[in-house]
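Per chain, numbering begins at 1; letters A, B, ... match sequence-line order.
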Amino acid sequence: MLQKPRGTRDFLPDEMERRRLIEQRMREAARRWGYREVCTPDFEHLELFTMKSGEGIIQEMYTFEDKGGRQMTLRPEVTAAVLRMYVNEGKVLPKPIRWCYIADCFRYERPQKGRYRQFWQFGVELIGADTASADAEVIMLARDVIGSSGATFDLRVGHLAPMKHLLSALSQEDQRAIMACLDKRDQGALEASLDEKDLGHLSEPLAALSECQTVAEVFEIAGDVPERARIEETFALLDAQGIDYQPDFGIARGLDYYTGMVFEGFARNLGAENQIVGGGAYRLAHLFGGDDVASCGFAIGFDRVMVSIGEFPLDPGTVVGVVSTPEARERALEVARAFRGAGVRTEVNLMQRGMGAQIAHAAKTADFAVVLGKREVDAGTVTLRDLHSGEQRECGLEEAIAEVARYGDR
RNA sequence: GCCAGGGUGGGGUAGACGGUUAUCCUAAGGGACUGUGGAUCCCUCGACCCGGGUUCGAAUCUCGGCCCUGGCCCCA
C-alpha cells in the first residue's frame, strides 16, 4: 500500500472544516486591523532563503533543480517571500503596508508532536512603520488572532538592544555564539562560552537581564541604551491596553535579521514543540535589492494552534436527503435543485436502494427526508419528513423549503 | 542525524512457548423489506507494514528498511 510522505497529513472533512473555520476567524481578526491577505508562490529561488538565513538551512529544506537548471526550494517560511514581493511590487504603495497570509511551508525535519514536514503558518508583515506604535500593534494583533481561535498562551516580549549593548565589545561572530546559548537558555554552554572568551564578567549581567521583571530593571543592568525611549514607549502602550505579557529580555531568537522588539508565545498544553507564535521587528528588504525599510511581523504555527485547541463540535447545517422511487427520479433532481437554490445542503439517492433503505440512510446523514414517489409526482407535491421527530406531511415544494429553512434558523 | 516505544481488515482489538480456515466489536455494501427509520436477524467485503534469515512450518524468533508516537539535535 502506498503511504503518504513522512511528516505529511491527510485531512478528512471534519478536520478540514475545523481548520477552515479557524483560518477564517484568524483572517477576520487580521482584517479588522486593516491587514489584507496576500499570497506568494509555493516555491522560490533557493537564494531567497539562503540570503536571509545562510547556507546552513539548505539541509532543512525541500530543494530541487527545475528543468531549466535553476536551484529552487519549497518555501520553508513566508516572511522572506513577502518581503521579496514588497521589493518587486510593493514599494510604491502608501505606507504603512499591512499584509497577512496563511500558507503551507515545508521543512525537512524529524517529525514530532506539533511538527510536520508540511505545515501551515498564519502571519502578518507590517512594512514601513518604524515606531513603538508599530511594535505594539503587531503584538496586540498576534494576541487577537490567536485569541480568535480560542487558544490560550503565554506571551513574552523583549527587545534585542539591551543584550546587544552588553555584548557590544564582542565580534559579530562571538555575539552570535553567545546569543545562541541565551536563546536556548543553556546556562552551562553560556558559562563555557564566556569563560573561553575570557568574558566571565558578563555572566552575571546576562543572567540578570533574562530575569528582569520590569523594563526599569533592564536599564539598571544594561545602562542607558539609545533605544531606551522606544522600548519604554512600546511597553507603556501594551500596559495601557491591559495586554497580559511577561517582559523577557533574554529572548535572543537566534536570528541575525531581527533588529529590535522580539516576542514569543507558548501554549501550555503542547509537548516539546510548544511555541505557537514568534515575531519581532526586522530589516530584510535591502537584502533583496530594495530599500532598507523597517518591518515588523509574526508567524503563528497554525497546526500547533489546532493541536492546542483540540477537537470541537461542528455545526453541519441543515441536511436534506431526497428519497425517491425509480419513476420519480427526474422529479427528485428538480426538487433537489430547488432546495439547493434556497441554500440548503441536499443529497439525492444514487444507489439502487428501496425506499426503506433510503430512509434508513437519510436518518443517519440528514435532518429531513423529502419523499417522492408516483403519488407526489402526480399531485405535484412533496412529502417532507422530519427525521428527528418522525413527523411527516405532504405539501407544496415551496412550503417544504420554507419549513426546512425555519429549522435552520432555530 | 540520534534515543525510546510501537505497526494485525477503513477505525478499535484478540492471538505471542513458532503449528488447522487469524478473534471479536464497529464501520461499509447487500438481503429479510419495490412507499417509510437508526432496532433485529442473515449474508458480503476486508488485515498480520515491507524485504531477507532461521525452520518441515513465522503475525509470533532474528536482521535490515519504511512509517507512526514521544523525546534529543535543530527550529528561519
Taking the minimum atom-to-atom distance to the side chain of [X], which one of [options] wins?
{"X": "A:Thr383", "options": "B:C72, B:G35, B:A76", "value": "B:G35"}
{"X": "A:Arg375", "options": "B:A76, B:G35, B:G37", "value": "B:G35"}
{"X": "A:Lys113", "options": "B:G29, B:G71, B:C74", "value": "B:G71"}
{"X": "A:Ala363", "options": "B:C74, B:U36, B:G37", "value": "B:G37"}

Item checked: Lys NZ or Arg CZ of A:Arg143 over A:Phe153 ring: under 6.0 Å, within 45° -> yes
Under 4.0 Å, counting only non-hydrogen atoms across every strand here, what does [X] touch: a base, just sugar-phosphate, or nothing?
{"X": "A:Glu327", "value": "nothing"}
{"X": "A:Gln275", "value": "nothing"}
{"X": "A:Gly278", "value": "nothing"}
{"X": "A:Gln358", "value": "nothing"}
{"X": "A:Gly279", "value": "nothing"}
{"X": "A:Lys374", "value": "base"}
{"X": "A:Gly271", "value": "sugar-phosphate"}
{"X": "A:Glu109", "value": "base"}

Next item on the list: Give a yes or no on whether the backbone of A:Glu109 and the side-chain of A:Arg117 come within a donor-acceptor separation of less than 3.5 Å.
Entry: yes
Next item on the list: Go through the side-chain N and O atoms of A:Ser295 and A:Glu125 and say whether any donor and acceptor fall under 3.5 Å apart.
Entry: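 There is no such pair between these side chains.
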Next item on the list: Given side chain to side chain contact (heavy atoms under 4.5 Å, CB included), test A:Glu233 with A:Asp135 step by step and report yes or no.
Entry: CA-CA 10 Å; A:Glu233 196 183 340; A:Asp135 293 344; over 6 Å; no
Next item on the list: Taking atom C1' in both B:C66 and B:G52, compute the distance separating them and give it to the nearest angstrom.
Entry: 15 Å
Notebook entry, point to check: If we take the P atom in both B:G6 and B:A58, what is their distance in whole Å?
Noted result: 24 Å
Return no unless some side-chain N or O of [X] is found under 4.0 Å from OP1 or OP2 of [N].
{"X": "A:Arg115", "N": "B:C74", "result": "no"}
{"X": "A:Gln3", "N": "B:C67", "result": "no"}
{"X": "A:Lys364", "N": "B:A27", "result": "no"}

